[in-house]
Each structure stands twice: as structure tokens, then as C-alpha cells.
Amino acid sequence: MLKKNSTLLPLFLLLFTFSATAQNLKINLGLNIGMSQLFHDTRFETTPLHDLYSFTAISHRPDDYSWEEFEKDYGIRTSFIQPRFGVSAHFTYKDWPLMASVEAMSSPSSYQKMAYGFTVGIGKEFYSYDDYYFSFLGGYKFVKDNGFGATTVVNSIGNDEAREYASTFFNPENPLGTKTGNLFTLRGGLGRELGEAKIIRVGVEAYGELDLTAKTKRQSRMTNYGAQFFLRFKL
């Protein structure tokens with residue numbers, strides 16, 4: 001009997017600890033939609049886009065057709081805006097000034113590709129009058145961006161007609177390097193809780209993400225800034 005009780009005791013303590021943790025863990029599931037601007041700062045001369053320039057330059061012989069002229073003709077740019085949408089889950093524990101989140105959002109490089117991220121940092125929610133609240137978060141974000149690469153280059157073509165044609169054939173494998181990144185993120189939002197139960201939240205959030213990945217690993221940046229509307233449900 002003593003041996004049986006000594007076996008059940010650790011299990012009971014584990015279940016008790018899990019139950020207590022679950023009660024203090026606050027989870028919000030949300031839908032997000034907004035816009036962001038990517039500042040990838042790519043040196044295009046080092047990418048397969050330069051091969052496309054060399055192909056185009058053949059038709060200009062014997063006249064010289066410089067890379068600078070190619071950039072001007074096709075409106076090559078190092079930043080652009082994309083719509084963003086997706087889902088997220090946010091976690092807080094008790095009243096600790098710590099927040100974490102996971103998300104599956106459309107890529108800052110292309111709304112047709114998905115990016116997955118995990119964020120953890122210092123954060124807090126401050127409640128105001130009439131069920132309004134403010135939130136902020138600053139910390140680390142790891143991201144795997146499936147849109148970063150060929151679509152980044154294609155959407156950097158400012159000429160609408162050229163970009164449309166390029167989207168049908170330009171698809172080199174990992175032209176900008178790794179699709180993962182280490183980012184520093186800052187987020188701030190204003191929301192409101194709805195209903196008597198206050199389990200529904202609506203609001204707007206602004207954010208900025210600075211790419212900290214070593215340039216020896218990947219020269220192009222995943223730095224982006226944006227804003228989004230959200231609808232969240234408290235569990």
C-alpha cells in the first residue's frame with residue numbers, strides 16, 4: 001500500500017501543478033488583416049536578377065546597356081508594400097510582464113505565401129475606461145518565411161507589366177539565401193473587449209520587426225513595419 005501511494009503522489013502533484021498553471025495561463029486566439037512594408041535592401045547584382053539583365057542587354061548590342069539603366073527601366077526597388085492576413089495565438093501568465101505568441105501570417109514578400117513565427121518578450125496589457133486596453137510587446141521573434149526569395153525579387157520590380165511577366169517564369173531556388181530569420185520586434189496596440197462576458201476583443205496593432213540575422217549568413221533583410229486589425233477570442 002505504501003509503495004502504491006508513493007507512486008501516485010508524484011502523479012497527483014504533476015496534475016495539480018498542470019491544473020494550477022492552466023488556470024493562470026491566459027490565451028487569446030485571433031484573426032488578423034492589415035498591411036506591411038518590407039525593407040529587404042538586396043544587392044540585386046548578386047542575385048539571379050543580374051542574369052536576367054545580362055539576357056536583356058544582348059538585344060542592346062553594340063550599344064551599352066548598363067545595370068543602372070536596367071534598374072531604372074524596370075523600376076527595381078529595395079522595399080515594397082504587401083497585404084497581410086492570418087491567425088495568431090497570444091499567451092500571458094498571471095499578471096507577469098511577459099508575453100509570447102505564435103502566428104501563421106501571409107509573407108511580407110507575397111500575400112500568396114505563408115510565414116510562421118514565434119515571439120517572446122517583455123509585454124503588458126493596461127486597461128482603461130469603458131473596456132478599452134493598451135498593449136505593448138518588445139522582444140525576440142524567430143520566423144520561417146516561405147515567401148522570402150524569388151517572390152521578394154519579383155515584387156521588387158516596380159514596372160507592373162514586367163512584374164507580371166516575371167511572376168510566370170522567375171523562380172530560382174533560394175536566390176536570397178535562408179528563409180529563416182532572427183528579428184527584434186516592437187508591437188503596440190489599442191483594443192476593446194466586447195459583450196458581458198468580455199471574451200471577444202477587437203482592435204488595431206502597429207508593429208516593427210528589425211532583422212538581426214548576420215549578413216554573412218544572408219545579406220537581404222527581413223525588416224518590415226506594418227499595422228493590422230484584429231479579432232481575438234479569450235479562452
Pairs under 3.5 angstrom only: tabulate donor-acceptor contacts from the side chains of residues 225-235 to other protein residues two or more places apart or in another chain.
residue: Q228; atom: NE2; partner: E205; partner atom: OE1; Å: 3.0
residue: R232; atom: NH2; partner: H90; partner atom: NE2; Å: 3.3
residue: K234; atom: NZ; partner: E193; partner atom: OE2; Å: 3.2

Pairing residues for T178 by the side-chain hydrogen bond (donor to acceptor under 3.5 Å, both in side chains) criterion, not counting sequence neighbours: T180
Does the side chain of R187 come within less than 4.5 Å of K141's, by heavy atoms? yes
Starting from I157, walk the hydrophobic network (Ile, Leu, Val, Met, Phe, Trp, Tyr; side-chain heavy atoms closer than 4.5 Å) and list everyone else you reach, by chain and number. F44, L49, L52, Y53, Y65, W67, F70, Y74, I76, V143, F148, V153, V154, F169, F170, L176, L183, M222
Quick one: salt bridge (charged side-chain N to carboxylate O under 4.0 Å, His left out) pairs with a partner in residues 74-86, sequence neighbours left out? none
Suppose clustering is done on Ile, Leu, Val, Met, Phe, Trp and Tyr with side-chain heavy atoms closer than 4.5 Å. Which residues sit in the same group as I81? M35
According to side-chain hydrogen bond (donor to acceptor under 3.5 Å, both in side chains), who are the partners of D130, at least two apart in sequence or on a separate chain? R192
Using distance only, find each side-chain donor-acceptor pair of residues 114-126 under 3.5 Å and give its atom names and separation, not counting sequence neighbours.
residue: K124; atom: NZ; partner: D95; partner atom: O; Å: 2.6
residue: E125; atom: OE1; partner: Y127; partner atom: OH; Å: 3.4
residue: E125; atom: OE1; partner: R201; partner atom: NH2; Å: 3.1
residue: E125; atom: OE2; partner: R201; partner atom: NH1; Å: 2.9

Students should find that the hydrophobic cluster of F184, defined by side-chain heavy atoms under 4.5 Å apart, otherwise consists of L186, L210, L212
What residue pairs, at least two apart or across chains, pass side-chain hydrogen bond (donor to acceptor under 3.5 Å, both in side chains) with a residue in residues 165-176? none
Distance-only, no hydrogens or angles: does the T185 side chain make a donor-acceptor pair with backbone N or O of E209 under 3.5 Å? no
Heavy-atom donor-acceptor pair, S107 side chain to N146 backbone, under 3.5 Å: no
Please write out which residues are connected to F134 in a hydrophobic cluster, directly or through intermediates, given that two of Ile, Leu, Val, Met, Phe, Trp, Tyr count as joined at side-chain heavy-atom separations below 4.5 angstrom. Y132, L190
4.5 Å side-chain heavy-atom contact, S101 and S88: no
Test side-chain hydrogen bond (donor to acceptor under 3.5 Å, both in side chains) applied to N155 - qualifying residues, sequence neighbours left out: none
Set of side-chain hydrogen bond (donor to acceptor under 3.5 Å, both in side chains) partners for S66, sequence neighbours left out: E69
Going through the checks in order, is the side-chain hydrogen bond (donor to acceptor under 3.5 Å, both in side chains) test met by N28 and K26? CA-CA 7 Å; N28 288 268; K26 302 173 185 177; over 6 Å; no
Quick one: does any side-chain atom of R43 pair with a main-chain N or O of E45 as donor and acceptor, under 3.5 Å? no
